[in-house]
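So the structure is just underneath, and the comments pick up after that.
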Protein chains: 2
Amino acid sequence: MTEALTDIPPHAFNELRDLIIEKRDKLPRRLAQVAAYTIEFPDDIAFGTVGSISERAAVQPSTLVRFAKALGYSGFSELQAVFQQRLRDRPNNYEARLQAFDEHTSGHSPAMALIDGFSEAATRSVERFKARIKPEDLDEAARILAAADTIYLIGLRRSYPITAYLSYALGTLGIKTVLAGSPSGVDREILSFAGARDAALAVSFTPYAPMTVEYTRQVVGQNTPLVAITDSPFSPLALNTSVWFEIVESDFEGFRTLAAAMTLAAALAVAVAERRRGVGKQNENSELSGR
Amino acid sequence: MTEALTDIPPHAFNELRDLIIEKRDKLPRRLAQVAAYTIEFPDDIAFGTVGSISERAAVQPSTLVRFAKALGYSGFSELQAVFQQRLRDRPNNYEARLQAFDEHTSGHSPAMALIDGFSEAATRSVERFKARIKPEDLDEAARILAAADTIYLIGLRRSYPITAYLSYALGTLGIKTVLAGSPSGVDREILSFAGARDAALAVSFTPYAPMTVEYTRQVVGQNTPLVAITDSPFSPLALNTSVWFEIVESDFEGFRTLAAAMTLAAALAVAVAERRRGVGKQNENSELSGR
DNA sequence: GCTTGTTTGGAACTTATATTCCATTTTCCT
DNA sequence: AGGAAAATGGAATATAAGTTCCAAACAAGC
């Protein structure tokens, strides 16, 4: 019988492709025929039905199922999901054409230079952040914040959008936050309520806003655990801090974006929520179930 | 019965997209909802089943069939074929695919999975934004905002960090702004001062905060020029707007980042500042230069 | 050339998918 | 407000799909 020849079949298209090419010679005639067809017309595998594909590949429908099983999948649908995943969320024809259009109509305009510059700065910032972050820091920060009764968010000026976003994101996740630094301006009184059972998250970049530093000292003095997001190990926020993240944003024309800090904020919010929810379910990557 | 409104439905995705956008306003509520979903998640239409799509779009399966028929197709499958065709026979940007898969399979710890996921979402958002933006829109927006006496910034909830950032960035560039949507909450009175010589910038994403829509109507009613940042041509902000930007942020585990919107905000701030400086130099006795 | 194990074709079966239909709700007009 | 028309939700139905099964064909070893 044509049993599964593989332990775990690949999820990624590239691996599957390599597997098919490698197995090709060892497969019986009809299955090899299918293998060739899948390599030559991957789009057809992604969109067709067992009936339509088998017709075009000149085999029986059952042969397609056998082929999938020979590769270790439970059936044809599972194999097909890999071919579909390859086409999802990719830049498509429509967008590619738009892009081409934009590039040759006004690729050199001053406006486009700004867009390009800031886009590149954002992408670089995010990439560097990803490369440098220590996952255990994220875990630790999530632990601290998840254990907090209330999370006090401290951020002024350029950092304020970050804390504002965290306030929103954590709020939608059902986590209580207090946002300092808003134009209302009664921050010190608000922060005086922070205690050991709460936690604070402070964000500040060079040049550090004196208020942020002062507020941070205050809450630390009240024995409130602190998580900091800043841009240098020498930042005043990095001292007396339970855990801190270093975020260095690339700049363009002297302006720094917030892309990396925002990315960290989003990840942090979800990490906290997941931890609160208990260990919850692991992120199942079973988005492949379609059809 | 919802009869076919069209003679022959389009075969090409671009035509279909235009048709949907055009028809959108004339369609009943649920069908309009489907219209918005098809524009926002075309890949899902291409690959999903009636059941899965209807679930994610929060409508009944029958509504999808009705939608297809309202557009002139014989059924949903015929409509779906157009969405599939769009993804077929694409140019082989094989490198991009390889890269995407490598990134997708990298992270191992749950924390790193979050970082990777949001980083990828941020990068994708920025790339897509860069590909789709029309530089002349940026020029036009900069012209409007540079000519303004005061710039009124309207953004609530998820959009608030964007306007908060703009408030900071424009402020450091010496441009007068008023930020609505802050927790202080006296927005309507503040916005009532906006006039024809000012300008407003509104930011809102699905689900549109009713307050944002209301504020926007108010300032437009006061003849204040409006620049909007939103996520769909169907957004209430895209109507009655001098110029608007479409920002579609990729999501990860249902959470959207702000990377693309922030990038646009940064570019916009600098573009406005540059234009002001330029105008000031060119005609020094201009009434616009004063501030 | 016979036997054994594998492969293949095609029909039967089972699952799930798209579509239709109808009762109910909502909207719009008088 | 009252009534007609349109729209909606949800179950029922018909269709199509994927999968399994078995007999026939084939290949390999004795």
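As a basis for the values below, the full set of heavy atoms in this structure was taken, side chains included, without hydrogen atoms, waters or symmetry mates. Within every chain, numbering begins at 1; the chains are lettered A, B, ... in the order of the sequence lines, protein sequences first and strands thereafter.
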Please give, in whole Å, the distance from [N] [atom2] to [X] [atom1]?
X	N	atom1	atom2	value
A/Q80	D/dA17	CD	C1'	11 Å
B/I45	C/dT17	CD1	C1'	16 Å
A/Q33	C/dT7	CD	P	15 Å
A/F47	D/dA16	CZ	P	21 Å
B/E78	C/dT17	CD	C1'	17 Å
A/E55	D/dG18	CD	P	13 Å
A/Q84	D/dG18	CD	C1'	14 Å
A/K69	D/dG18	NZ	C1'	10 Å

Practice task
Measure the spacing between OG of B/S242 and CG of B/L226 and express it to the nearest 0.5 Å.
Solution key: 6.0 Å
Handout entry: From CZ (B/R128) to CD1 (B/I247), nearest 0.5 Å
Key = 10.0 Å
Handout entry: Axis bend over the full length of the helix from C/dG1-D/dC30 to C/dT30-D/dA1, computed from five pairs that close each end, to 10 degrees
Key =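 Here the local axes at opposite ends form an angle of 30°.
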Between the protein and nucleotides 9-14 of chain C, which nitrogen or oxygen pairs are less than 3.5 angstrom apart?
unit_1: C/dG9; atom_1: OP1; unit_2: A/R30; atom_2: NH1; d: 2.1
unit_1: C/dG9; atom_1: N7; unit_2: A/R66; atom_2: NH2; d: 3.4
unit_1: C/dG9; atom_1: O6; unit_2: A/R66; atom_2: NH2; d: 2.5
unit_1: C/dG10; atom_1: OP2; unit_2: A/Q60; atom_2: NE2; d: 2.5
unit_1: C/dG10; atom_1: O6; unit_2: A/S62; atom_2: OG; d: 3.0

Problem - Ring geometry between B/F118 and B/F252 (parallel below 30°, tilted from 30 to 60°, perpendicular above 60°) - result: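 B/F252 and B/F118: perpendicular rings.
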Fill in the blank from the handout: Quick note, A/L31 side chain, CB onward, closest among C/dT19, C/dT20, C/dT8 is C/dT8
Handout entry: Partners passing side-chain hydrogen bond (donor to acceptor under 3.5 Å, both in side chains) against B/S119 (at least two apart in sequence or in another chain)
Key =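 Partners of B/S119 under the side-chain hydrogen bond (donor to acceptor under 3.5 Å, both in side chains) test: none.
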Problem - Check: B/Y152 ring centroid to B/Y215 ring centroid under 6.0 Å - result: no
Exercise for the section: Would you please indicate if the ring centroids of B/Y160 and A/Y168 are separated by under 6.0 Å? Expected result: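 Aromatic pair excluded; centres sit 6.0 Å or further apart.
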Practice task
Could you tell me whether a side-chain N or O of B/Q80 sits under 3.5 Å from a main-chain N or O of B/I45, the two making a donor and an acceptor?
Solution key: yes
Practice task
Please determine, by modelled atom types, if B/Q218 and B/E214 share a side-chain donor-acceptor pair under 3.5 angstrom.
Solution key: no
Handout entry: Residue-phosphate contact under 4.0 Å: B/S77 side-chain N/O, C/dT17 OP1/OP2
Key = no
Exercise for the section: Check B/S54 against B/L64 and note the closest heavy-atom contact, atom names and distance. Expected result: N-CD1, 3.7 Å
